[in-house]
Amino acid sequence: MAQNEGRRNLRSLELHVPEPKFRPGDSVDYSDLVIPPAGSAPRPDIDARPDSFHELAYSLVRVLDEKGNAVGPWAPRLAPDLLREMLRNMALTRAFDERMFRAQRQGKTSFYMKCTGEEAVAVAAAYALDRDDMCFPAYRQQGLLISRGWSLVDMMNQIYSNKGDRLKGKQLPIMYSVKDAGFFSISGNLTTQYPQAVGWAMASAAKGDTRIAATWCGEGSTAEGDFHSACTFASVYRAPVILNVVNNQWAISSFSGFAGAESTTFAARAVGYGIAGLRVDGNDILAVYAATEWAAERARTNQGPTLIEHFTYRAEGHSTSDDPSQYRSADESSEWPLGDPIARLKQHLVALGEWDEERHAAMDLELAETVKAAAKESEKNGILGHGLNNHPFESMFEDVFEEMPWHLREQCAQMLEEQKAAGL
Amino acid sequence: MAQNEGRRNLRSLELHVPEPKFRPGDSVDYSDLVIPPAGSAPRPDIDARPDSFHELAYSLVRVLDEKGNAVGPWAPRLAPDLLREMLRNMALTRAFDERMFRAQRQGKTSFYMKCTGEEAVAVAAAYALDRDDMCFPAYRQQGLLISRGWSLVDMMNQIYSNKGDRLKGKQLPIMYSVKDAGFFSISGNLTTQYPQAVGWAMASAAKGDTRIAATWCGEGSTAEGDFHSACTFASVYRAPVILNVVNNQWAISSFSGFAGAESTTFAARAVGYGIAGLRVDGNDILAVYAATEWAAERARTNQGPTLIEHFTYRAEGHSTSDDPSQYRSADESSEWPLGDPIARLKQHLVALGEWDEERHAAMDLELAETVKAAAKESEKNGILGHGLNNHPFESMFEDVFEEMPWHLREQCAQMLEEQKAAGL
Amino acid sequence: MSDETVNTRMNMIQAINSAMDVMMERDPDVIVMGEDVGFFGGVFRATAGLQKKYGKTRVFDTPITECGIIGVAVGMGAYGLRPVPEIQFADYIYPALDQLVSEAARLRYRSGGEFTAPLTVRSPFGGGIFGGQTHSQSPEGIFTHVSGVKTVIPSTPYDAKGLLIAAIEDNDPVIFFEPKRIYNGPFDGRYDKPARNWSAHPAGEVPEGYYRIPLGKANIVREGEALTVLCYGTMVHVVEATIEGLGIDAEIVDLRTLVPLDIETIEASVKKTGRCLIVHEATRTSGFGAELSALVQERCFYHLEAPIERVTGFDTPYPHSLEWAYFPGPVRITEALKKILKD
Amino acid sequence: MSDETVNTRMNMIQAINSAMDVMMERDPDVIVMGEDVGFFGGVFRATAGLQKKYGKTRVFDTPITECGIIGVAVGMGAYGLRPVPEIQFADYIYPALDQLVSEAARLRYRSGGEFTAPLTVRSPFGGGIFGGQTHSQSPEGIFTHVSGVKTVIPSTPYDAKGLLIAAIEDNDPVIFFEPKRIYNGPFDGRYDKPARNWSAHPAGEVPEGYYRIPLGKANIVREGEALTVLCYGTMVHVVEATIEGLGIDAEIVDLRTLVPLDIETIEASVKKTGRCLIVHEATRTSGFGAELSALVQERCFYHLEAPIERVTGFDTPYPHSLEWAYFPGPVRITEALKKILKD
Ligand SMILES: Cc1ncc(C[n+]2csc(CCOP(=O)(O)OP(=O)(O)O)c2C)c(N)n1
Ligand SMILES: Cc1ncc(C[n+]2csc(CCOP(=O)(O)OP(=O)(O)O)c2C)c(N)n1
Ligand SMILES: [Mg+2]
Ligand SMILES: [Mg+2]
């Protein structure tokens, strides 16, 4: 290029590497976090075109205000009984997490992951979806199973890889699979469930079914290629699916900036694909419920997919293998300006005159007992630490294929010989 | 869920499968294509925030109006000499394509791909970028090489896999690699070059260099996961890179709706990542030039990446293996409302009084001769059809690794034995 | 196993098309998807006519994302459909590898059998068409290393249809690689001779209706005593022609299915002949030939009279212009035969 | 080859960390990237302290997209940097497979040597930590089938550092799999015995500065006459302990590099001993053991006194609770040894 031949006198480029606001030891100041008031986000009609409400991808759907009142167009007007049930399921989820976390620390299993602070995301969805809508969760949506009334003992059996484990000890703890509860087998590989959910939804639509699909991933996981495939397919075929992004600010030790949060919201991804996008206060169970219900209605009426960003906070470590005090300020969690989802729903019920501290304390006690009893029951089936033989050795070779081919039969026989040789 | 236990009376879902407007035999009517007038799109300041000009992702930057005048804030005011050079390079690209397409039909090589109708996209970029900015092209940006003055004979040598082919006959025709022209090795795998370009740009920024990167892919290719990885990295690290999407309406036999065009524009993807996005009339070389120059300036001043959608039309078949009359209306191309990039620049130059029909005809003749002479020259080095031995057999084992390990040496020896046995 | 006895001449594309047609007719849950497979009917025309016949919700084009195609197919499989996704070229299967390896192949196992992924992933593979590095690869070896997928490779129109029907009916994920070099006719490896088509070949006669060839059963293409040749796909024909030309009394085993492998047939043959040649087009190191060699050695050690030999593609990318020097053709096979039979 | 003679006790994590540290110090073009490798220093802490020392533009966290990590690293390599990306677990390398196979591995070839991708992809692999199916896999076999990448697997802190330095200096893409089971100490396969650490092991003594162990050179861990055992990574220690326990005079070859393989050492050893056992943790079918078996058989056929045996993981996903029944431990190795040595 003639005009460019000589190097111009240019400034050096710089690489921008994101950095979270607070690191261990820092005191926390959230004052620059923009939090629109509860009730301020408009609620578009179910058949509104996605490009008519782009602003919802940048604001925050909030229902519960600071005093615990449900306000604005998204307020879902649920019966107090239902609200108490939701409260209970959030608290039960938390109690379950506490117990299982401890079980891991006691050496009863190898691994556990809590969803503390994020309970509203899964619990609300379980209520807003139909029971036979299909869920493709990540690993922090145990609240779905619990709210769909699935057996705690069965869940614990999986965590302990014990005799009662329907997955025969084959999967890492918490990687549940519960077809009967419309809960797809959790994968250890991030975001692979996203296109699968879209495929399930497409199949449902192709068959003229009425069931829709929903899927969840963390904000960190949105970076995977599968996320993009899923959004592209969902947009092209207007799949009846709800794509949930749980933005809990952290992906193990990496803050949301490494998934792109410095540049825009995660709900904005929806805008990029021309699909409906909502950004929701993930610690406000009424907001999550309302958004999910709205998205489900859209899906059910062939309006296509909705992507919902749930703005929340991962109050605990990533998993039992993690120590968040190494990389973030200890105060981040307690200072989180959107509070705790259980405390906020409790406040709302109290404000309605439908709940009080005593009942709450009693509930917590009862739930701790429920969970304890379930754990005892489950432990009768064995725990991981108790050795290898919760499941027959042969089971290792089952379910690789529908029928066991010769090479697996041979290997199975070899293994049984070995175990005999080893005196097991 | 108690409230959902009984199935509600729901309508059947339907799967939406996109369908292009016109199929073979249909007459073409583009009247519902919204084409904003030339000059109407605003030109933001170089340091404007991406979210301050979202509308540019949905409109169309156009400079040349119907009469061939350059209008509006994006008009780049280039000297007539430069315009003539650009015209010439577009025409040269087209002549090159014609000749090489014919060479394939004559059995002189195995494969060819034209960029007819899209010449402006690559030629303008070559002028708007600095000569040492790094290009990561797809397979339809031969205009970059030609405009950077690269040897036609060298390009043809590659197409013929002949003795002069610097790639030693190892690559499919048109998969050029020209480091000296800042032109990265083209991959046969779609969109892999996208994250690579971002990586190159990040490296340049990390090193405090001044060079930026640019990359291209087709609208169909935006569906690949690599596209998403690239945009995510570009947004997170504010990489000095220009991400070009050449929306030529077709991906082999699939119209742009299968990449998401029914829901939004491809420039809108930028909005999803919070990066700068422009939608440009890809058949208007001045618009492409202006947009690229603007994006380059942004990148060079650490404002980060820009995604540019070039709205254009693939006037010919996908490749020599394709027959578009099987799947699209024959009239689509001739009726394309944004015209032909060469004709439009010619009209502009004529309107300026800087060009005329005679000179154009003379140029076309001269270019045909130039290309013919280059082909003759190149064919002296052999053509693919002339057999295997344009390159020494051993060369097959070179460049797998920097140094040839024993197993390749052994295989090489074996192959030479074989060739001897076969009497070659 | 045929329930329909009218036979027609078909090339391999037509046979594959017919298999999908038959299965779509029989089972409303079978759907076909992939890049350009809908209106156009596929870049090799393997799905031609299917969209017209079965409609857009059962045969449709997809976005260009192999990861998405397989991921979506896994979800459809979990719903209860039986998807037959196409990957346009085997060289483009890598972006889908995670969905294939970590998802499709593992779903039954990790869910204790609750969810399955009954996909049949069709993909043209192999070289010999001057497709260069990215339209010529043979990645079957990778899939044979992945527990939970079956890998099937036909060598004739007849087999292609029968195996594809069995694959679609199979409840496990199947990778069905189609040797594109022989789509239109068998190929004896002599690239400089005129191409043949399937019309003269006995296996070009294909029943119009439903029949299946069970997965996991090899086909003895030629019985013989001098040595056993293990091969599949295009190489079956190259081997046949080479052996015929040399007049060697070889037993040629067309594996048809790599996983699960028909070990009985292989073992019996090698024990009979005492010598074994393995031929594939894929790169040598850690190709499926290595597994075959290991298995034969483990099971027939005391019967072997000469080292097992492998004839394969070289450990380089598929070079465009030196395609025929790369291709494991008659000369390479002849040299190996000489070596095996020398004492 | 060491230019720095101060030795320290290191575990394998520390040795790997030290290799990166040394190389970042020596070469400003070396950069480290990956999920959680920056501020936190990696989930296994292999990159701890590097960001603090070399700054955020040379050591940084990345978005969670393995495809992006490798794609970006290829671009950085083309620019002239020498990236050392981490894939957090080998089980998560599949989304990056296309960028590794079609891009990093093929770039030199397809550009006639104009562009190269001098990456070193570090990734912890293997089981034995109750990581379940998706934190235990050994996918090295796949990479050995891909022409254009080298695959390296260390078995001690000393080797890990020397090999990693050589890998970073290498101008070709290298997949560097780290056997996470032995990060903290050698492992004899007896999971029910107390864990050991590296402090007592001679190869836990590691020079502080620069030294390299050339790629492509195996290490004879133990000389012997009775048979040859080919192994790498964790299995080196399991084999050593088992053999010691049985008092067998085996020659143990730690391959260190799978591609390019040290065929000379292997051939010489098997020709000497006449018997060969191959041990790896990866699934059996088409694992790298198959290639080793085929090679040994091809080259040492007339020296072999017994069939070559493979001891491997089974052809199933890595099961969580039956981990130790899956793991190719002392019992499986012992049985195979008995078989090989029986006549
Ligand atoms: C493909 C893949 N890459 C990497 C990992 C390792 N990994 C597990 S969880 C995680 C962080 C995910 O963060 P996010 O998506 O934000 O979910 P969160 O844990 O916050 O709920 C990573 C990197 C994985 N499991 N799969
Ligand atoms: C990973 C991968 N998948 C599929 C293909 C086959 N293929 C080659 S070009 C093409 C269409 C691309 O269309 P588009 O991106 O719109 O570019 P255009 O040809 O229109 O310039 C396809 C599907 C490929 N080369 N690589
Ligand atoms: Mg997160
Ligand atoms: Mg296109």
Side-chain angles (χ1 to χ4, degrees), chain A residues 134 136 158 165-172 175-180 184-189 191-209 211 213 215 224-226 228-230 232-233 235-237 239 241 395 398-403 405-408 410, chain C residues 28-29 31 33 55-58 60-81 83 95-96 98-99 101-103 105-118 147-150 170-173 215-216 257 259-264 295:
Chain A
M134 187 70 193
F136 288 79
Q158 197 281 326
D165 176 13
R166 290 176 298 101
L167 310 189
K168 305 167 200 170
K170 287 171 179 172
Q171 256 294 32
L172 199 66
M175 300 286 173
Y176 314 108
S177 174
V178 189
K179 196 171 192 176
D180 285 347
F184 189 70
S185 157
I186 299 175
S187 177
N189 296 58
T191 335
T192 50
Q193 72 278 15
Y194 246 63
Q196 294 164 0
V198 174
W200 196 98
M202 286 174 66
S204 184
K207 283 294 191 181
D209 196 343
R211 294 173 296 163
T215 186
E224 292 285 4
D226 292 88
H228 178 60
S229 303
T232 303
F233 266 84
S235 139
V236 167
Y237 304 97
V241 65
S395 68
E398 289 161 10
D399 297 323
V400 179
F401 294 104
E402 185 175 37
E403 281 166 43
W406 67 270
H407 62 289
L408 289 179
E410 273 192 7
Chain C
D29 290 332
I31 65 119
M33 60 193 285
K56 285 202 301 176
T57 52
R58 292 188 63 198
F60 52 84
D61 292 325
T62 60
I64 304 173
T65 156
E66 291 74 16
C67 145
I69 292 170
I70 302 301
V72 160
V74 169
M76 290 177 155
Y79 177 90
L81 301 189
D98 191 44
Q99 282 286 350
V101 171
S102 308
E103 301 297 316
R106 305 278 154 81
L107 185 54
R108 181 190 291 279
Y109 198 78
R110 76 169 197 234
S111 69
E114 272 199 339
F115 294 100
T116 59
S147 38
V149 282
K150 301 182 176 175
D170 198 279
N171 288 326
D172 289 306
L215 306 188
T257 306
V259 174
L261 189 65
D262 184 353
I263 193 71
E264 272 177 42
L295 281 172

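Naming: A, B, ... by sequence-line order, numbering from 1 per chain.
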Engaged part of C/Val149 at the chain A interface, taking heavy atoms whose separation is under 4.5 Å |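 Contact with chain A is through the backbone of C/Val149 alone.
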
Pick one of side chain, backbone, both or neither for C/Asn171, based on which atoms fall under 4.5 Å of a heavy atom in chain A.
->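 For C/Asn171, heavy atoms of backbone and side chain both lie under 4.5 Å from chain A.
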
Against chain C, work out which of A/Lys170, A/His228, A/Gln171 has the most heavy-atom pairs shorter than 4.5 Å and name it.
->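 The candidate making the most pairs under 4.5 Å is A/Lys170.
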
Side-chain donor-acceptor contact under 3.5 Å, C/Glu114 with A/Ser185 =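 Distance-only check fails for C/Glu114 and A/Ser185.
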
So, C/Gln99 versus A/Gln196: side-chain donor-acceptor pair below 3.5 Å or not?
->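 Yes - a donor-acceptor pair under 3.5 Å links their side chains.
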
[X] portion near chain C, given a 4.5 angstrom heavy-atom threshold:
{"X": "A/Ile186", "value": "backbone"}
{"X": "A/Lys168", "value": "side chain"}
{"X": "A/Val400", "value": "both"}
{"X": "A/Glu410", "value": "side chain"}
{"X": "A/Tyr237", "value": "side chain"}
{"X": "A/Glu398", "value": "backbone"}

Spacing of C/Arg106 atom CZ and A/Asn189 atom CG [to the nearest 0.5 Å] =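 Between atom CZ of C/Arg106 and atom CG of A/Asn189 there are 9.0 Å.
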
Give, for atom OG1 of C/Thr62 and atom CE of A/Met202, the distance between the pair rounded to the nearest 0.5 Å.
->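 It comes to 9.0 Å.
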
